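Start at 1 with the first residue, then count along the sequence. Quantities reported herein were computed from a predicted structural model and do not represent experimental measurements.
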Amino acid sequence: MENQAVGEVDGKSERRGPGQTMRKKIAVGVGLVVVVLAVTVVVCDRLTPTEPQLRVGMTKQEVVKLLGHESLGQGEGEFTQDWFLIHADWRGNQQVVIVSYDRQALVTNWTINPRPRTAPPWLDRAAKVVGW
């Protein structure tokens with residue numbers, strides 16, 4: 001037993017072929033990539049939806065240009081409001097932005113209301129392609 005070569009157990013060699021070592025390296029690499037992707041998805045999912053770049057004193061035309069579409073409705077009276085639906089981002093988050101204006105049609109404040117998450121647009125398109 002004292003004369004056993006390094007890498008031998010009970011007289012049997014534990015040598016690994018070059019294919020086994022390469023397979024282990026590939027498995028470790030694939031495992032690391034999967035872990036990095038999973039962490040990225042979790043972090044992105046926890047991010048809050050982006051808010052529009054509104055500021056007090058903007059004109060109604062600037063708000064429409066910034067949000068990219070006309071409002072869902074508006075109020076009447078001393079202060080008016082426009083409601084804008086911000087369509088789903090890549091994760092399916094939607095928002096309704098309620099913008100309030102003064103008599104000169106300048107922004108006085110706004111409220112952002114998150115809507116229930118929907119299927120992201122890219123996932124919806126992919127599901128339609130495969131027939132779901």
Side-chain angles (χ1 to χ4, degrees):
M1 290 272 182
E2 295 175 6
N3 294 337
Q4 279 186 341
V6 176
E8 288 186 12
V9 175
D10 295 332
K12 297 180 183 177
S13 175
E14 288 188 24
R15 292 186 185 162
R16 293 188 180 117
Q20 289 178 330
T21 304
M22 184 58 75
R23 278 188 227 126
K24 284 189 177 189
K25 288 180 181 178
I26 290 173
V28 168
V30 169
L32 288 174
V33 168
V34 168
V35 167
V36 168
L37 287 175
V39 168
T40 302
V41 167
V42 168
V43 167
C44 288
D45 189 54
R46 300 292 181 234
L47 294 174
T48 58
T50 58
E51 295 185 8
Q53 302 273 329
L54 295 172
R55 63 183 187 283
V56 174
M58 291 179 78
T59 64
K60 197 175 219 180
Q61 292 79 18
E62 290 174 323
V63 172
V64 171
K65 184 178 179 181
L66 178 68
L67 297 179
H69 42 76
E70 292 293 331
S71 72
L72 300 173
Q74 57 186 357
E76 296 291 332
E78 185 175 334
F79 294 96
T80 60
Q81 291 183 334
D82 284 339
W83 294 48
F84 295 90
L85 176 63
I86 307 299
H87 293 285
D89 62 7
W90 70 275
R91 294 175 293 154
N93 296 321
Q94 293 185 20
Q95 301 171 332
V96 173
V97 180
I98 304 169
V99 182
S100 299
Y101 305 96
D102 60 13
R103 291 181 186 190
Q104 290 81 29
L106 300 177
V107 174
T108 57
N109 61 41
W110 61 91
T111 304
I112 299 172
N113 298 323
R115 307 256 311 152
R117 186 177 273 186
T118 61
W122 60 270
L123 183 59
D124 192 39
R125 286 191 296 272
K128 287 179 183 173
V129 167
V130 296
W132 284 347

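The side-chain heavy atoms of Ile98 and Trp110, taken from C-beta on, include no pair separated by under 4.5 Å. You'll find the side chain of Gln81 stays beyond 4.5 Å of the side chain of Val99, heavy atoms only. Within the 4.5 Å cutoff, side-chain heavy atoms of Leu54 are placed close to those of Val97.
Summarising the geometry, atom CG belonging to Leu67 is positioned 4.5 Å from atom CD1 belonging to Ile86; distances are rounded to the nearest 0.5 Å. Atom CG in Leu37 sits 11.0 Å away from atom CG in Leu32 (nearest 0.5 Å). Going from atom NZ of Lys65 over to atom CE of Met58 covers 9.5 Å, rounded to the nearest 0.5 Å. We find the CD-OG1 distance between Gln95 and Thr111 to be 12.0 Å, quoted to the nearest 0.5 Å. Trp83 contributes atom CH2, which lies 7.0 Å from atom CG of Asn113 (distance to the nearest 0.5 angstrom).
The only member of Leu66, Val96, Val63 that meets side chain to side chain contact (heavy atoms under 4.5 Å, CB included) when paired with Phe84 is Val63.
Scanning for salt bridge (Lys or Arg N to Asp or Glu O under 4.0 Å) contacts around Lys128 gives Asp124, with sequence neighbours left out.
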Practice task
Would you sort out whether Val107 and Arg55 count as a side chain to side chain contact (heavy atoms under 4.5 Å, CB included), showing the intermediate values?
Solution key: CA-CA 7 Å; Val107 174; Arg55 63 183 187 283; over 6 Å; no
Exercise for the section: Dump the intermediate steps for side chain to side chain contact (heavy atoms under 4.5 Å, CB included) on Asn109 and Val56, then the final yes or no. Expected result: CA-CA 6 Å; Asn109 61 41; Val56 174; 5.9 Å; no
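Between the side chains of Asp102 and Thr108, no donor-acceptor pair is found at a separation under 3.5 Å.
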